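Report on one structure; see the data block that follows.
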Amino acid sequence: MSSIRKENLEKLSQKGFLVADSLPVNRLEPGEIPQLRPIEEIFGRLIALKSLWLYVDDYPEGVPSDVVEDMINTYNVKSFLTEEENEILQLSRAEAEKTMDI
């Protein structure tokens, strides 16, 4: 494991994040073809996580709230987020930024 990864995992751990050691592996029978989720689900989850990230991002001159809210509504991202992730969107952006400060 690289020193950068170790440092990042330590920072996340201190903030209470649980990080998987690796991605799960599908156990397939011989000859069985792995199936991916439909592209709509993959895209939905990706855009949902990006929207959530932008919502809590406090980088100077970050993405304006109206742009983030438009993304959330246009792509119906709430349906692709977990209950806990949706709770973050119930906070004001300022509260969410403080809560997710890494």
Side-chain angles (χ1 to χ4, degrees):
M1 180 183 307
S2 74
S3 61
I4 293 173
R5 178 156 171 77
K6 284 181 187 176
E7 184 178 323
N8 287 336
L9 290 176
E10 184 176 318
K11 286 179 184 177
L12 290 170
S13 178
Q14 290 171 356
K15 295 289 184 177
F17 287 89
L18 300 175
V19 181
D21 291 332
S22 63
L23 296 175
V25 177
N26 286 337
R27 306 265 185 239
L28 301 175
E29 296 297 322
E32 189 177 0
I33 299 173
Q35 298 295 313
L36 292 177
R37 290 183 180 185
I39 191 72
E40 295 81 10
E41 278 186 43
I42 296 170
F43 174 78
R45 184 68 177 149
L46 178 66
I47 199 76
L49 291 174
K50 178 163 182 127
S51 299
L52 184 63
W53 177 265
L54 292 173
Y55 191 76
V56 301
D57 182 22
D58 65 350
Y59 184 78
E61 302 168 10
V63 178
S65 291
D66 60 330
V67 173
V68 176
E69 290 169 14
D70 187 47
M71 181 185 288
I72 290 168
N73 295 324
T74 299
Y75 295 104
N76 190 29
V77 300
K78 291 180 181 180
S79 66
F80 294 99
L81 294 172
T82 67
E83 184 177 328
E84 293 83 8
E85 292 164 343
N86 272 302
E87 288 174 4
I88 294 167
L89 294 180
Q90 299 305 312
L91 302 171
S92 70
R93 276 188 89 179
E95 290 173 312
E97 289 167 1
K98 289 177 188 171
T99 302
M100 303 308 289
D101 186 32
I102 295 179

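Throughout, residue positions are numbered sequentially from 1 according to the sequence presented. This structure is a prediction, so every number in the text was calculated from the model and none was measured.
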Which residues share a side-chain contact (heavy atoms from CB on, under 4.5 Å) with I4, sequence neighbours left out: S2, N8
For T74, all residues meeting side-chain contact (heavy atoms from CB on, under 4.5 Å), sequence neighbours excluded: D70
Closest heavy-atom pair and its distance - M71, V77: O-CG1, 4.0 Å
Counterpart residues, side-chain contact (heavy atoms from CB on, under 4.5 Å), relative to E84 (two or more places apart): T82
Hydrophobic cluster identity match, V63 and L52, side-chain contacts under 4.5 Å: yes
Atom of E41, atom of R37 and distance for their closest heavy-atom approach: OE1-CD, 3.4 Å
Could you pull out all donor-acceptor pairs under 3.5 Å where a side-chain atom in residues 43-51 meets a protein atom, sequence neighbours excluded?
| from | atom 1 | to | atom 2 | distance (Å) |
| --- | --- | --- | --- | --- |
| R45 | NH1 | F80 | O | 2.9 |
| R45 | NH1 | E85 | OE1 | 2.8 |
| R45 | NH2 | E85 | OE2 | 3.1 |
| S51 | OG | I47 | O | 2.8 |

Lys/Arg N to Asp/Glu carboxylate O, K11 vs E7, below 4.0 Å: yes
With sequence neighbours excluded, residues passing side-chain hydrogen bond (donor to acceptor under 3.5 Å, both in side chains) with N86: none
Closest non-hydrogen atom pair between I88 and Y55, with its separation: O-CE2, 3.7 Å
All side-chain contact (heavy atoms from CB on, under 4.5 Å) counterparts of S65, not counting sequence neighbours: E69, R93
E95 side-chain N/O to S92 backbone N/O, donor-acceptor pair under 3.5 Å: yes
L91 reachable from I72 in the ILVMFWY side-chain graph, under 4.5 Å edges: no
